[in-house]
Amino acid sequence: MFNKRVKVKDLLASEPTGQEVTVMGWVRTFRNNQFIALNDGSTNNNLQIVVELGMLDENTLKRITTGASLKVTGKAVPSLGKGQKMDINATSLEILGDSDAEKFPLQPKKHSLEFLREIAHLRFRTNTFGSVFRVRHALAFAVHKFFNEKGFVYMHTPIVTASDAEGAGEMFRVTTLPFDNPPRNEDGTINFKEDFFGRSTNLTVSGQLEGELAATAFSEIYTFGPTFRAENSNTARHLAEFWMIEPEMAFCDIEDNQNLAEEFIKYLIRHVMEHNREDLEFLSQRLAEEEKQLPQDKRSEMGLIEKLEFVINNDFERITYTEAIDILLQSPAYKKKKFQYEVKWGIDMQSEHERYLVEKHFKKPVIVTGYPKEIKAFYMRQNDDGKTVAAMDILAPGIGEIVGGSQREERLDKLTERMKEMHIPAEELWWYLDTRRYGTVPHAGFGLGFERMVLFVTGMTNIRDVIAFPRTPKNAEF
C-alpha cells in the first residue's frame, strides 16, 4: 500500500503530535548512522528521520546512501535540532531502491549548471531544479486558470503543418521518405506526393493561423503547446523546441491586445508569488549568491522577488517603435558606441537595444508598438501611414522580448496584396483567407514564449535550465 504515504511538504506544514506516519523519498544525507535527510520532491526542505542506534543491522545501514529511496514509518515528534519543526522517529525502514554512492553523480555539494545539464535526467533532484520545475508547473496551471476565468476556449492546434506561419523558413521537415533514395519528379525535385501526407510538411512554429480560424467562431481562444524552430542559434535565450501560449481574440484591437497581455503577465506572476513563495525565496537567494561573482555594473538593481513585485505593481511603459529608436539614438550608450548593432529607423531591434530600453532607460517592462512593416509578418494590420503595422512586443528586464503580437489584417484586399509583395502563395493559405471572406472581424492576438516567462520568474539566466530536456543545435539527449 503506497498511497498511505504523507508528502514531506504536507507533513512539515502540520503540527507534530506523535501520530504515526509513513513517508517515502530519496536520501539526501545520512549522518552518524542516525540522522537521515529525506526528500520527496514536494519541497526543497528535507524531513529528518531519526533512526535509533541498534535498530538497523550493519548491512542495511551501509545501504542508506545519497540517492537511495526509502519507505519509513514512524512517529512525528517535535525536533530537538535547530532549523526544523519536526522529526520522524523511525519504527520501521525499508530500502526501496539502492544507489551506489561511489557512482551517483549528485553529491551533497554545489554542482555547476553546465555539469547538471549533462545529467539532466537527475538534475530534478537538486534544490535549484526542484524549485524551477515546481514554479514552471505553477505557471502552466495559472495559464489555464487565467484563460478559463475569462471564458476562452482552449484549442489544440496541429504540431505537423504544411504552412510556415512566420515566413522565416526555419522549420523541421516531417517525412517518411527514404533519405538515400527519395522519389523524384522529372525535373529532379523531390516528389512529396509520395510522402506520408502527400505533400511537404513541417513541425509547427506557431499555432496562430489555426487559432485565428477558431477565434472567428468562439470569439476568444488560446493555444498552449510545443513549437519548433530550426534556427542554428546557441544563445542562452534560444531553444529548438519550446512551448508557446497564443491567445487569439475576435472583436479586439491592438490596445485591447496590449491590455490583455499586461494583465496576463501580472496574473501569472501573482499566482506564483502566492503559491510558490518558498521556491521563489530559494531562487532569489541563489541569484543573489551568483551575482556576487559579477562586476557591480552587471548585477541586477533589484532582487528577484523585488523585481517581480515591481512588475506587478507598475504599469508597463508603452511607446512606439519610432520613439524607441529616438531614445536609442539619444542614449549615452549609442553616443559612446557601446552598441554592437547599428541603430536607425527600420532595423529589427536587437536584444541589446531592447534591454537598454527596459533596464537602463525605463527600468520596467516596455510595450513597443507600430513597427516598420518590412520587418514584420504578412498577417499584421497595416497602419494608415503606409509604413508601419499594428504590431506589439513586450520587453522584459533580463531577457528582452517576452511577448510578440499584433492586430491581424482583417481586410482581404490588403492581406492578399501584402502576401503578393512577400511572395507568400495565396493558394496554399486559401483556408486562412476564407476567414476574411466570410464575416471578417477586427481581431488580435499574441504569443508568449513560455520558457522565457519561466526564465523571468525564476531568475535563471539560461533558457536550457527552465525546460526539462533542452533541444538545441547538436543536442537532443535523453
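When a residue number appears, it is its place in the shown sequence, counting from 1. Because only heavy atoms are used, hydrogens play no part in the values below, and waters and symmetry mates are left out as well, while side chains stay in.
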So, Thr458 side chain and Val454 main chain: donor-acceptor pair closer than 3.5 Å or not? yes

Would you indicate whether Glu323, at its atom CD, is surrounded by more than 12 heavy atoms from other residues, nucleotides or ligands within a distance under 6.0 Å? yes

Side chains of Met86 and Leu11, heavy atoms from C-beta outward: is any pair under 4.5 Å? yes

Thinking salt bridges, do Glu20 and Lys4 make one under a 4.0 Å N-O criterion? no

Could you tell me if Ser406 and Arg408 have a donor-acceptor pair between their side chains, going purely by distance under 3.5 Å? yes

Tell me, with the steps shown, if Val153 and Tyr222 meet side chain to side chain contact (heavy atoms under 4.5 Å, CB included). CA-CA 6 Å; Val153 173; Tyr222 72 105; over 6 Å; no

Before accepting this row, confirm whether a basic side-chain N of the pair Asp465/Arg117 lies closer than 4.0 Å to the acidic partner's carboxylate O. yes

Residue pair Tyr379 / Gln208, side-chain donor-acceptor N/O under 3.5 Å: yes

Between Arg229 and Leu239 (side chain of the first, backbone of the second, donor and acceptor by atom type, cut-off under 3.5 Å), is there such a pair? no

Less than 4.5 Å apart, side chain to side chain, heavy atoms only: is that true for Thr204 and Thr157? no

Could you check whether the rings of His353 and Phe339 sit parallel, tilted or perpendicular, using 30° and 60° as the cut-offs? perpendicular

Donor + acceptor pair across side chains of Arg464, Asn234 (<3.5 Å): yes

For residues Val51 and Val72, determine if any side-chain heavy atom of one lies less than 4.5 Å from a side-chain heavy atom of the other. no

Applying side chain to side chain contact (heavy atoms under 4.5 Å, CB included) to Glu170 and Asn232, what does each step give before you reach the verdict? CA-CA 9 Å; Glu170 294 160 332; Asn232 191 6; over 6 Å; no

Closest approach of Glu306 and Met302, non-hydrogen atoms and distance? OE1-CA, 3.7 Å

With distance as the sole criterion, is a donor-acceptor pair present between the side chains of Thr369 and Thr320 under 3.5 Å? no

Does Lys7 have more than 12 heavy atoms from other residues, nucleotides or ligands lying within 6.0 Å of its NZ? no

Look at Lys376 together with Asp348 and state whether they make a salt bridge at an N to O cut-off of under 4.0 Å. no

Carefully, step by step, assess Gln19 and Thr17 under the rule side chain to side chain donor-acceptor pair (under 3.5 Å). CA-CA 5 Å; Gln19 77 269 35; Thr17 55; 2.6 Å; yes

Pairs meeting criterion ring pair (Phe, Tyr, Trp, His ring centres under 6.0 Å) with involvement of residues 5-64, two or more places apart: none

With Val466 as partner, the option from Arg452, Met453, Glu451 fulfilling side chain to side chain contact (heavy atoms under 4.5 Å, CB included) is Glu451

Trp243 and Phe224 aromatic ring geometry - parallel, tilted or perpendicular at 30°/60° bounds: perpendicular

Report yes or no: does Lys363 contribute a side-chain atom to a donor-acceptor pair with the main-chain N or O of Leu357 at less than 3.5 Å? no

Start with the C-alpha distance between Phe141 and His275, add both sets of side-chain angles, then the distance that settles ring pair (Phe, Tyr, Trp, His ring centres under 6.0 Å), and finish with yes or no. CA-CA 11 Å; Phe141 180 75; His275 296 89; 7.9 Å; no

Got more than 12 heavy atoms from elsewhere within 6.0 Å of CD, Glu52? no

Indicate whether the side chain of Asn44 and that of Arg134 have a donor and an acceptor atom separated by less than 3.5 Å. yes

Going through the checks in order, is the side chain to side chain contact (heavy atoms under 4.5 Å, CB included) test met by Phe446 and Met392? CA-CA 8 Å; Phe446 62 82; Met392 67 160 207; 3.8 Å; yes

Mind checking whether His271 and Tyr267 have parallel, tilted or perpendicular rings, split at 30° and 60°? parallel

Over all atoms of both residues, closest heavy-atom pair of Val8 and Asp40: N-OD2, 3.0 Å

Smallest separation among heavy atoms of Leu70 and Ile95, with atom names: CD2-CG1, 3.7 Å

Only one of Asp393, Asn257, Ile265 passes side chain to side chain contact (heavy atoms under 4.5 Å, CB included) with Val403; say which it is. Ile265

Between Tyr154 and His156, does a ring pair (Phe, Tyr, Trp, His ring centres under 6.0 Å) hold up when you go through it step by step? CA-CA 7 Å; Tyr154 178 33; His156 295 117; 4.4 Å; yes

With side chains defined as the heavy atoms from C-beta onward, is the minimum distance between Glu262 and Ile367 less than 4.5 Å? yes

Donor-acceptor pair between Glu278 and Thr43 side chains, under 3.5 angstrom: yes

How are the rings of Phe124 and Phe133 set relative to one another: parallel (under 30°), tilted (30 to 60°) or perpendicular (over 60°)? perpendicular

More than 12 heavy atoms of other residues, nucleotides or ligands under 6.0 Å from NZ of Lys85: yes or no? yes

Which heavy atom in Ala120 sits nearest to a heavy atom in Ala468, and how many Å separate them? CB-O, 4.1 Å

Looking at Lys364, I want to see if its NZ is surrounded by more than 12 non-hydrogen atoms of other residues, nucleotides or ligands under 6.0 Å. yes

Indicate yes or no: does Arg286 engage Glu289 in a salt bridge with an N to O separation below 4.0 Å. no

Can you check side chain to side chain contact (heavy atoms under 4.5 Å, CB included) on Met24 and Ser69, steps first, answer last? CA-CA 7 Å; Met24 297 174 209; Ser69 58; over 6 Å; no

What do the steps show when you test Arg270 against Glu274 for salt bridge (Lys or Arg N to Asp or Glu O under 4.0 Å), and what is the final call? CA-CA 6 Å; Arg270 265 193 211 100; Glu274 213 174 295; over 6 Å; no

Do Ser206 and Glu246 pair up side chain to side chain, a donor and an acceptor below 3.5 Å, judged on atom types alone? yes

Are Phe129 and Leu113 packed together at the side-chain level, in the sense that at least one heavy-atom pair is separated by less than 4.5 angstrom? yes

Counting distance only, does the side-chain N/O of Thr201 pair as donor-acceptor with the main-chain N or O of Val160 below 3.5 Å? no

Testing the basics here: between Ala324 and Ile319, what is the closest heavy-atom pair and its distance to 0.1 Å? CB-CD1, 3.7 Å

Looking at every non-hydrogen atom in both residues, tell me the closest pair between Arg355 and Gly400 and how far apart they are. CG-N, 4.0 Å

State, yes or no, whether a side-chain contact exists between Thr29 and Asn46 at a heavy-atom distance under 4.5 Å. no

Measure the shortest side-chain to side-chain distance between Asp256 and Met249 over non-hydrogen atoms and say whether it is less than 4.5 angstrom. no

Would you check if Val23 and Leu38 make a side-chain contact, meaning some heavy-atom pair closer than 4.5 Å? yes

Determine, stepwise, if the pair Ser300 / Glu291 fulfils side chain to side chain donor-acceptor pair (under 3.5 Å). CA-CA 8 Å; Ser300 311; Glu291 291 203 335; 2.6 Å; yes

Just by distance, no angles: are the side chains of Glu248 and His443 close enough, under 3.5 Å, to form a donor-acceptor pair? no

Does Thr235 reach the main-chain N or O of Arg237 with its side chain, forming a donor-acceptor pair under 3.5 Å? yes

Face-on cation placement of Lys307 at Phe456 ring, 6.0 Å and 45° thresholds: yes

Can you find a side-chain donor-acceptor pair between Gln48 and Ser79 that sits under 3.5 Å? no

